Amino acid sequence: MGIKILGTGSYLPKKVVTNDDIAKSLDTTDEWIYSHTGIHSRHVAGDGESTATMAAEAARQAMAAAGAEPGDIGLIVLATSTPDYNPFPSTACMVQAMLGCENAGAFDLQAACAGFVYALEQARGFVNFYPDKKALVIGSESLTRILDWTDRASCILFGDGAGAVVLGNDEAPGVASAKTAAHTILGADGKGAHFITRTGGCKNALPFTPMGIPAKAEPERPELVLMGHDVFAFAVRTLSKVARDLCEKLGTTPESLDRVFAHQANGRIIEAVARRMKLPLSKFWLNLETTANTSAASIPISLDQAVRAGELSEGMKIVMVGFGAGLTYAGTYCAWPNL
Ligand code: UT7
């Protein structure tokens with residue numbers, strides 16, 4: 001009973017770029033990238049693929065798994081930092097049209113790599129108040145299109161893809177929120193805004209750079225700029241704290257968790273989080289060897305892979321936890337598939 005994940009889906013582009021492929025045009029090696037990140041290859045959106053098309057494909061799978069028809073969907077929340085248009089029309093609106101979800105409201109949500117958990121929480125609020133409607137929550141990214149391919153410290157980290165879930169509720173309005181209000185943490189620390197930035201936007205019209213964000217000559221297309229060390233330290237500190245705080249709120253301990261779905265940014269980050277939480281690494285879902293960092297898509301892709309691999313059974317205690325540009329962080333607890 002209550003709000004639950006009714007179905008999951010994901011999409012990874014067919015085109016794969018390996019570390020060796022990157023090393024052909026950049027001063028790097030597969031050995032360096034793998035030993036510093038755990039990444040061997042990433043999927044890259046090809047001709048005809050975009051944040052919207054990948055999102056729609058992941059959503060179709062999630063709807064099929066949930067047995068949901070387009071007309072059942074009352075809301076589409078799409079988490080992305082790489083919308084097809086910046087910032088409008090929203091990618092969510094294009095996905096609404098592609099899926100034929102004519103009854104659905106649709107909007108994009110930008111909370112970087114923590115975006116999926118933020119989006120899940122918005123959708124949870126929606127289905128809590130409209131229990132007869134379902135919500136589609138999607139994370140979709142075309143990060144490889146905003147990378148500076150001459151910056152070996154950042155371009156090796158990211159990949160493209162999409163993941164989606166359908167949420168539904170079988171409780172009366174308000175009942176589920178009272179039961180589950182303690183299950184989510186959404187947070188931010190804007191003092192670290194300059195750690196990960198994407199060039200472009202209205203700030204360029206200003207004669208100063210707010211929040212200490214370094215000035216950079218505007219490239220012809222938007223580019224991601226990363227201060228890797230600072231992000232690494234923030235990630236390790238924050239992911240373990242959010243997961244611990246969630247357990248504390250629920251009156252349980254990290255040892256009781258069956259699975260942790262942490263944002264796939266760097267294998268060394270996840271290893272450090274596992275050590276801090278005193279949990280075996282085997283409890284953490286790991287797929288970044290072949291997906292790299294897909295930002296808002298990373299948690300729903302992982303979730304869908306776990307579901308399709310038969311790794312999640314009813315009642316398993318799982319935590320989804322992410323962090324990203326902003327800085328943002330977010331975590332949510334789920335007694336699978338109940339949110
Ligand atoms: O979703 C959030 C997005 N961001 C992140 O998750 C980023 C988190 N941070 C990280 O994952 C790591 O900080 C990086 C993977 C980005 C960098 O790893 P690191 O172990 O912190 O390396 P470093 O920046 O300390 O660089 C060490 C050396 C440097 O050379 P020198 O100055 O010691 O001579 C770099 O120039 O490694 C060099 N280096 C590389 N060498 C070969 C940096 N990138 C590369 C590369 N190939 N791709």
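Atoms within each ligand, like the ligands themselves, are counted from 1 in listed order. Note that the structure is a prediction, hence the values are computed from the model and not measured.
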Residue, atom and distance of the protein heavy atom nearest atom 47 (N) of ligand 1 read T28 OG1, 2.6 Å
When you compare the side chains of S50 and D84, does any donor N or O come within less than 3.5 Å of an acceptor on the partner? yes
What atoms of ligand 1 come closer than 4.0 angstrom to any heavy atom of T37? 15 (C)
Decide, yes or no, whether a salt bridge links R152 with D27 under the criterion of side-chain N to carboxylate O below 4.0 Å. yes
Out of curiosity, is A235 lining ligand 1, as in a heavy atom under 4.0 Å away? no
Where the closest heavy atom to atom 18 (O) of ligand 1 is concerned, which of F232, F234, W32 has it? W32
So, regarding R152 and ligand 1 (criterion: nitrogen or oxygen to nitrogen or oxygen, under 3.5 Å), is there a contact or not? yes
Which residue and non-hydrogen atom of the protein lie closest to atom 5 (C) of ligand 1, and at what distance in Å? V231 CG1, 3.7 Å
Do D148 and T150 have a side chain donor and acceptor closer than 3.5 Å? yes
Backbone N or O of N19 within a donor-acceptor pair of the D30 side chain at under 3.5 Å? no
Interfacing atoms of ligand 1 (cut-off 4.0 Å, heavy-atom, N266): 10 (C), 11 (O), 15 (C)
Would you say atom 45 (C) of ligand 1 has a protein heavy atom nearer than 4.0 Å? yes
Per-atom contact, atom 11 (O) of ligand 1, protein heavy atoms, under 4.0 angstrom: yes
Look at atom 19 (P) of ligand 1 and find which of M227, H36, H263, E31 reaches it with the closest heavy atom. H36
How close does the nearest protein non-hydrogen atom get to atom 6 (O) of ligand 1, and which residue and atom is it? A265 CB, 3.4 Å
Residue that, paired with E141, satisfies side-chain hydrogen bond (donor to acceptor under 3.5 Å, both in side chains) out of T294, N293, T80: T80
What I'd like to find out is whether the side chain of E69 reaches to under 4.5 Å of the side chain of D72, using heavy atoms alone. yes
For G228, the atoms of ligand 1 under 4.0 Å from one of its heavy atoms are 8 (C), 9 (N), 13 (O)
What class does the angle between the rings of Y34 and H40 fall in, given that below 30° is parallel, 30 to 60° is tilted and above 60° is perpendicular? parallel
Is there a protein heavy atom less than 4.0 Å away from atom 29 (C) of ligand 1? no
On the 0 to 90° scale, with breaks at 30° and 60°, tag the H36-W32 ring pair as parallel, tilted or perpendicular. parallel
Looking at side-chain heavy atoms only, is the closest gap between L186 and T184 below 4.5 Å? yes
Can you list the atoms of ligand 1 that are under 4.0 Å from a heavy atom of R268? 20 (O)
Any luck finding a side-chain donor-acceptor pair between H183 and T332 under 3.5 Å? no
Pair K4 + D170: basic N to acidic O under 4.0 Å: yes
List the closest protein heavy-atom neighbour of atom 16 (C) of ligand 1: residue, atom name, distance to the nearest 0.1 Å. A153 O, 3.4 Å
Any atom of ligand 1 sitting under 4.0 Å from a heavy atom of G324? no
Starting from atom 25 (O) of ligand 1, locate the nearest protein heavy atom and write down its residue, its atom name and how far away it is, to 0.1 Å. H229 NE2, 2.7 Å
Quick check: do I318 and F261 have side-chain heavy atoms less than 4.5 Å from each other? yes
Just jot down the ligand 1 atoms closer than 4.0 angstrom to any heavy atom of N293, in number order. 1 (O), 2 (C), 3 (C)
Is T29 close to ligand 1, meaning an N/O of one under 3.5 Å from an N/O of the other? no
